[in-house]
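Below is one structure, written out as structure tokens, with a few remarks after it.
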2 protein chains.
Amino acid sequence: MTDLNEPLTQEQKSPEAKLRGNGRPARKRASVPEAKLLEFAELLFFAYRDFTRDPDAILKDFGFGRAHHRVLHFVNRHSGLRVVDLLDILTITKQSLSRVLKQLIDQGYIVQQAGSSDRRERLLFPTDRGRALAERLAAPQSVRLASALKAAGPGAEAILRRFLEAMVNAEERPKVSSIMASSPVPLKEGGKEEEA
Amino acid sequence: MTDLNEPLTQEQKSPEAKLRGNGRPARKRASVPEAKLLEFAELLFFAYRDFTRDPDAILKDFGFGRAHHRVLHFVNRHSGLRVVDLLDILTITKQSLSRVLKQLIDQGYIVQQAGSSDRRERLLFPTDRGRALAERLAAPQSVRLASALKAAGPGAEAILRRFLEAMVNAEERPKVSSIMASSPVPLKEGGKEEEA
DNA sequence: GAAATAAGTCAACATGGCTGACATAAACGA
DNA sequence: TCGTTTATGTCAGCCATGTTGACTTATTTC
């Protein structure tokens, strides 16, 4: 909304200002003004801040943190993925992943199964218990998303999808598409599910 | 609190299932199906993951972290805000804020000024240096947002704004609006700006 | 003048990132 | 067949940033 140009507090403008020329776009297409872009950045911060609130509260009761949620989510939604896939998705080191994954396995939320074609691989699957927790964590987020999409108005789904996809690093997009396309693979029975 | 069920050794329990009834929405309006909502949740994760990447890399060169970015951003965009405002925005404790704020002040990115009507208050302002860093951190994010908005297509701005606003907790919305409406307040001269 | 408020500080602790080094099993290539 | 690469796991320690709790200092307010 309004607010436009942004006062510029002091004067003499300070050093940088090397990327943005001035205050007026002038040439080029009517691209979104800088000030408006920064508002979107802020809104994104607030939206994400609250998006994670509900699951965080639930996780606390289980002695887990947000890192556990991320792992459990992707294992549940794309079960059968490998450890290396998870590392790639989360963009963390295997040592970091190891810590939370181990806890989820030890406490019976996730099980591993050696890959059939490559037995070095450890494919990850949620247990019933893991699915239950994943769904419980997802529930408030789904409610929030559904109501926000509704509030956004008609056409929001397609536009938001394009927006979010374009926010991802270009080189990462094929990877993200491929992950999102991967349906959950059923756990092969017969392996030692060490429980259940 | 609660502590409820907790680990409970094996499964044989599958606690959840209490929030979601089944798999079919059946009645109600044609709301977005659960699976699609979870895709948006994933996309939001990927988008935010990459949204923070560029500034994180820059911050590293300065010996700062994401927490410094958040503080500097809000002080720059809404200069003159009080410490308590910042706590409210970030939803962290003052001890957490204190650590990063102190560093930003000590290193000349932010200055404080006692409030004129209430001298207990410490109003926060960016220095030239602080503004410069804030803008440098914002630049790649603005580029990303601008291109994502363009990719989203016509009408994206209004829809995205409504979506993001609705993603914020309802009780928080007035606060967020008020923050976003607050233009930067100029630093009153006479204080000691210790650099520039 | 007492109480409430804004801010700051110290200390201890938890989570979840990181690097580096190294181990094991399985697959692969020459 | 053997040596290398790959997928995974693990130990040890460090860092950033969140937490709680206790307490101090100004300043405003009643």
Side-chain angles (χ1 to χ4, degrees), chain A residues 45 48-49 52-53 55-75 80-107 110-125, chain B residues 1 45 48-49 52-53 55-73 75 80-107 110-125:
Chain A
F45 165 78
Y48 202 80
R49 179 196 69 175
T52 56
R53 255 188 207 182
D56 279 357
I58 297 168
L59 288 157
K60 220 178 148 190
D61 293 339
F62 285 77
F64 290 146
R66 201 177 295 179
H68 299 86
H69 184 189
R70 291 194 280 248
V71 170
L72 189 55
H73 168 90
F74 284 103
V75 169
L81 46 48
R82 301 167 301 165
V83 170
V84 71
D85 298 324
L86 213 36
L87 292 178
D88 203 58
I89 288 168
L90 303 174
T91 328
I92 58 175
T93 61
K94 70 176 167 177
Q95 293 92 327
S96 290
L97 173 59
S98 166
R99 204 152 31 193
V100 296
L101 181 55
K102 201 169 190 296
Q103 293 175 55
L104 288 167
I105 290 171
D106 290 349
Q107 293 177 47
I110 289 178
V111 287
Q112 294 178 309
Q113 189 174 65
S116 52
S117 59
D118 185 337
R119 285 177 23 244
R120 288 172 304 180
E121 297 174 348
R122 295 283 178 274
L123 310 187
L124 304 171
F125 299 89
Chain B
M1 52 244 332
F45 165 77
Y48 201 80
R49 179 197 70 176
T52 55
R53 254 187 208 183
D56 279 357
I58 297 168
L59 287 157
K60 222 179 147 190
D61 294 338
F62 285 77
F64 290 146
R66 200 178 295 180
H68 299 86
H69 184 189
R70 290 194 280 250
V71 170
L72 189 54
H73 168 89
V75 168
L81 46 48
R82 299 167 302 164
V83 169
V84 71
D85 298 324
L86 214 35
L87 292 178
D88 202 58
I89 288 169
L90 303 175
T91 328
I92 58 175
T93 59
K94 72 175 166 178
Q95 293 91 327
S96 290
L97 173 59
S98 165
R99 203 154 28 195
V100 296
L101 182 54
K102 202 168 190 297
Q103 294 175 54
L104 288 167
I105 291 170
D106 289 348
Q107 295 177 46
I110 289 177
V111 287
Q112 294 177 307
Q113 189 173 64
S116 53
S117 58
D118 184 338
R119 286 179 21 244
R120 287 172 305 180
E121 295 173 349
R122 295 282 179 275
L123 310 186
L124 304 171
F125 299 88

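Quick note on labels: first sequence line is chain A, next is B, and so on, each numbered from 1. As the structure is a prediction and not an experimental result, all values here were calculated from the model.
Between atom CG of residue A:Asp118 and atom CZ of residue A:Arg82 there is a gap of 8.5 Å, rounded to the nearest 0.5 Å. Distance check: B:Leu72 CG to B:Leu124 CG gives 11.0 Å after rounding to the nearest 0.5 Å. Taken from OG1 in A:Thr91 to CZ in B:Arg53, the straight-line distance is 4.5 Å, to the nearest 0.5 Å. To the nearest 0.5 angstrom, A:Phe45 atom CZ is 8.0 Å from B:Ile89 atom CD1. To the nearest 0.5 Å, atom CG of residue A:Leu87 and atom CD1 of residue A:Ile92 are 6.5 Å apart. Here NZ of B:Lys94 is found 14.0 Å from CG of B:Leu86. Values are rounded to the nearest 0.5 Å.
Residue A:Thr93 places at least one side-chain N or O closer than 4.0 Å to OP1 or OP2 of C:dC18. Contact annotation: A:Ser96 side-chain N/O to C:dC18 OP1/OP2 distance is under 4.0 Å. In this model, the phosphate group of D:dG18 is approached by a side-chain N or O of B:Arg70 to a distance below 4.0 Å at OP1 or OP2. For the OP1/OP2 pair of D:dT17 and a distance below 4.0 Å, the side-chain nitrogens and oxygens of B:His68 include at least one atom meeting the criterion. The side chain of B:Gln95 places no N or O atom within less than 4.0 Å of a non-bridging phosphate oxygen (OP1 or OP2) of D:dG21.
Note: CZ (A:Arg119) to C1' (C:dC28) measures 15 Å, nearest angstrom. Taking atom NZ of residue B:Lys102 and atom P of nucleotide C:dA7, one finds them 17 Å apart after rounding to whole Å. Summarising the geometry, the separation between CG on B:Asp88 and P on C:dA6 is reported as 12 Å, rounded to the nearest angstrom. Here C:dG8 presents its P atom at 12 Å from CD of B:Glu121, a figure rounded to the nearest Å. Going from atom NE2 of A:His69 over to atom P of C:dG16 covers 13 Å, rounded to whole Å. Between the CG atom of B:Leu123 and the P atom of D:dT27 there is a distance of 14 Å, given to the nearest Å. Taking atom CG of residue A:Leu87 and atom C1' of nucleotide C:dG16, one finds them 14 Å apart after rounding to whole Å. Taking atom CG of A:Leu97 as the reference point, atom C1' of D:dC11 lies 16 Å away to the nearest angstrom.
Each of A:Val100 and A:Ser117 was matched to the nucleotide of DNA chain C holding its nearest heavy atom; the match closer to the 5' end belongs to A:Val100. Sequence order on DNA chain D of the closest nucleotides to B:Ile92 and B:Asp118 puts B:Ile92 first from the 5' end. Place A:Arg122 and A:Arg66 on DNA chain C by their nearest nucleotides, and A:Arg66 ends up nearer the 5' end.
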Side-chain polar contacts of residues 55-62 of chain B - donor-acceptor pairs under 3.5 angstrom, sequence neighbours left out - could you list them?
unit_1: B:Asp56; atom_1: OD1; unit_2: B:Arg66; atom_2: NE; d: 3.4
unit_1: B:Asp56; atom_1: OD2; unit_2: B:Arg66; atom_2: NE; d: 3.2
unit_1: B:Asp56; atom_1: OD2; unit_2: B:Arg66; atom_2: NH2; d: 2.7

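Side-chain to base pairing of B:Arg120 with C:dT5: one donor and one acceptor N or O lie within less than 3.5 Å of each other.
Listed here is the closest heavy atom pair of A:Ala67 and A:Val100: CB-CG1, 3.8 Å.
Annotation: the terminal axes of the helix from C:dG1-D:dC30 to C:dA30-D:dT1 meet at 20°, where each axis is the rotation carrying the C1' atoms of four end pairs onto the next four (5 pairs per end, rounded to 10°).
At a threshold of 4.0 angstrom between heavy atoms, the contacts of A:Lys94 include nucleobase atoms, whether or not backbone atoms are also involved. Using a 4.0 Å heavy-atom criterion, one finds that B:Arg99 contacts the bases of the nucleic acid, with or without backbone contacts as well.
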